[in-house]
Amino acid sequence: MSSFYGDITKVDTTGASAKTAKQDNLRETGVAASHRMMETDLARVNKYKTLINKVAKANNIDPAIIGAIMSRESRGGNVLENGWGDHGNGFGLMQVDKRHHKIVGAWDSEEHITQATQILIGMIQAIAQKFPNWSKEQQLKGGISAYNAGPGNVRTYERMDVGTPGDDYANDTVARAQWLKMHGY
């Protein structure tokens, strides 16, 4: 399903950097590494598929993007301690930062997924305003990068991930979402 915010299958991506791929001790990098990491997280992310689909439908965004962010941010909840990550600053499956947002719901709840998805949509809209001449797919990718590092970090299309963890946040997340699209999302 193409969402109001663009078609994730049409977004160009370089996938995971060597630094990100190293999390899983992968020899490969790029799209192949992103796909392997998403495959590793699939069973954990699938536990939330009903909620993901409900929130995606309510917000007119592709569920594969939500699932991919869950994979990238918390490995489907696998790296969280009592729902928290990022040294106690990130909350939930999609890692909402308590320093910038009022936390809502339980770490694995519909409320959390809705809040995080609406933050993502706000970032896509901010990038669309900042770069009105970009295609919907470019704005979508920029919004995914901004979800992690803020819209101020997105200065050019080619270098939008510089300064994100692994310098690959949007590229890795897009590749994970594309893998999910090929596997039933």
Side-chain angles (χ1 to χ4, degrees), residues 13-26 29-30 33-49 51-52 55 59 61 63-127 140-155 159-177 179-180:
T13 180
T14 56
S17 68
K19 185 175 180 183
T20 298
K22 197 174 173 183
Q23 291 174 11
D24 285 20
N25 299 312
L26 300 178
T29 61
S34 296
H35 288 182
R36 285 268 306 273
M37 294 173 90
M38 187 65 247
E39 185 176 13
T40 297
D41 295 341
L42 183 62
R44 290 186 294 265
V45 171
N46 273 347
K47 288 196 299 191
Y48 308 102
K49 191 171 183 181
L51 288 177
I52 290 168
V55 171
N59 290 279
I61 194 162
I65 299 167
I66 297 172
I69 288 174
M70 282 182 188
S71 171
R72 171 66 191 221
E73 288 286 348
S74 71
R75 304 305 302 265
N78 197 47
V79 300
L80 302 180
E81 238 178 272
N82 298 317
W84 292 92
D86 190 24
H87 311 290
N89 293 310
F91 182 74
L93 291 165
M94 296 174 75
Q95 290 292 279
V96 173
D97 193 315
K98 72 176 185 184
R99 296 168 294 188
H100 303 286
H101 306 280
K102 184 182 185 303
I103 301 301
V104 300
W107 67 273
D108 60 351
S109 67
E110 181 180 339
E111 293 82 4
H112 163 70
I113 298 167
T114 297
Q115 178 187 28
T117 299
Q118 289 173 350
I119 292 166
L120 170 64
I121 289 167
M123 293 299 160
I124 297 166
Q125 291 168 337
I127 294 302
L140 174 59
K141 185 176 179 183
I144 291 169
S145 182
Y147 178 81
N148 176 264
N153 192 66
V154 179
R155 294 180 195 91
R159 295 179 46 82
M160 71 174 61
D161 276 343
V162 173
T164 66
D167 291 322
D168 68 349
Y169 187 89
N171 279 292
D172 179 37
T173 302
V174 166
R176 292 181 197 220
W179 188 91
L180 283 174

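The basis for the numbers below is simple: all heavy atoms, side chains too, and nothing from hydrogens, waters or symmetry mates. Being a predicted model, the structure only gives us computed values, none of them experimental.
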What's the spacing between Thr14 OG1 and Asn171 CG if we round to 0.5 Å? 3.0 Å

Distance from Glu110 atom CD to Tyr48 atom OH, nearest 0.5 Å? 14.0 Å

Quick one: closest heavy-atom pair of Met70 and Val45, and the distance? CB-CG2, 4.3 Å

Less than 4.5 Å apart, side chain to side chain, heavy atoms only: is that true for Ser17 and Thr29? no

Just so I know, are the side chains of Leu180 and Met38 near enough to count as touching, which here means a heavy-atom distance under 4.5 Å? yes

Validation: residues 82-95 side-chain donor-acceptor distances under 3.5 Å, sequence neighbours left out:
unit_1: Asn89; atom_1: ND2; unit_2: Asp86; atom_2: O; d: 3.4
unit_1: Gln95; atom_1: NE2; unit_2: Gly90; atom_2: O; d: 3.3
unit_1: Gln95; atom_1: NE2; unit_2: Gly92; atom_2: O; d: 2.8

Rounded to the nearest 0.5 angstrom, the CG-CD1 distance for Leu120 and Ile61 is 4.5 Å

Judged by modelled atom types alone, do Thr117 and Asn59 share a side-chain donor-acceptor pair under 3.5 Å? no

Would you call Asp168 and Arg72 a salt bridge, taking side-chain N to carboxylate O under 4.0 Å as the test? yes

Under 3.5 Å donor-acceptor, Asp167 side chain and Gly163 backbone: yes

Is a donor from one side chain sitting under 3.5 angstrom from an acceptor on the other, for Tyr169 and Glu73? yes

Asp24 versus Arg36: any side-chain heavy-atom pair under 4.5 Å? no

Using atom types as modelled and distance alone, determine if a side-chain donor or acceptor of Asn153 lies under 3.5 Å from a backbone N or O of Val162. yes

Can you measure from CH2 (Trp179) to CG (Asp41) and round to the nearest 0.5 angstrom? 9.5 Å

Test side-chain contact (heavy atoms from CB on, under 4.5 Å) applied to Met37 and Arg75, step by step: CA-CA 9 Å; Met37 294 173 90; Arg75 304 305 302 265; 3.5 Å; yes

So does Ala16 get a backbone contact from the side chain of Ser34, meaning a donor-acceptor N/O pair under 3.5 Å? yes

Give a yes or no on whether a salt bridge exists between Asp108 and Lys47, defined as a side-chain N under 4.0 angstrom from a carboxylate O. no

Taking the side chain as C-beta and beyond, is there a heavy-atom pair between Ile66 and Leu51 under 4.5 Å? no

Can you tell me how far apart CZ (Arg159) and OG (Ser145) are? Round to the nearest 0.5 Å. 12.0 Å

Taking the side chain as C-beta and beyond, is there a heavy-atom pair between Ile127 and Leu140 under 4.5 Å? no

Considering residues at least two apart in sequence or located in another chain, which fulfil the side chain to side chain contact (heavy atoms under 4.5 Å, CB included) criterion with Asn46? Leu42, Lys49, Tyr185

Would you mind reporting whether Lys141 and Met160 have side-chain heavy atoms less than 4.5 Å apart? yes

Name of the residue among Arg176, Arg44, Glu39 meeting side-chain hydrogen bond (donor to acceptor under 3.5 Å, both in side chains) with Ser71: Arg176

If you define the side chain from C-beta out and look only at heavy atoms, does anything of Thr173 sit under 4.5 Å from Ile69? yes

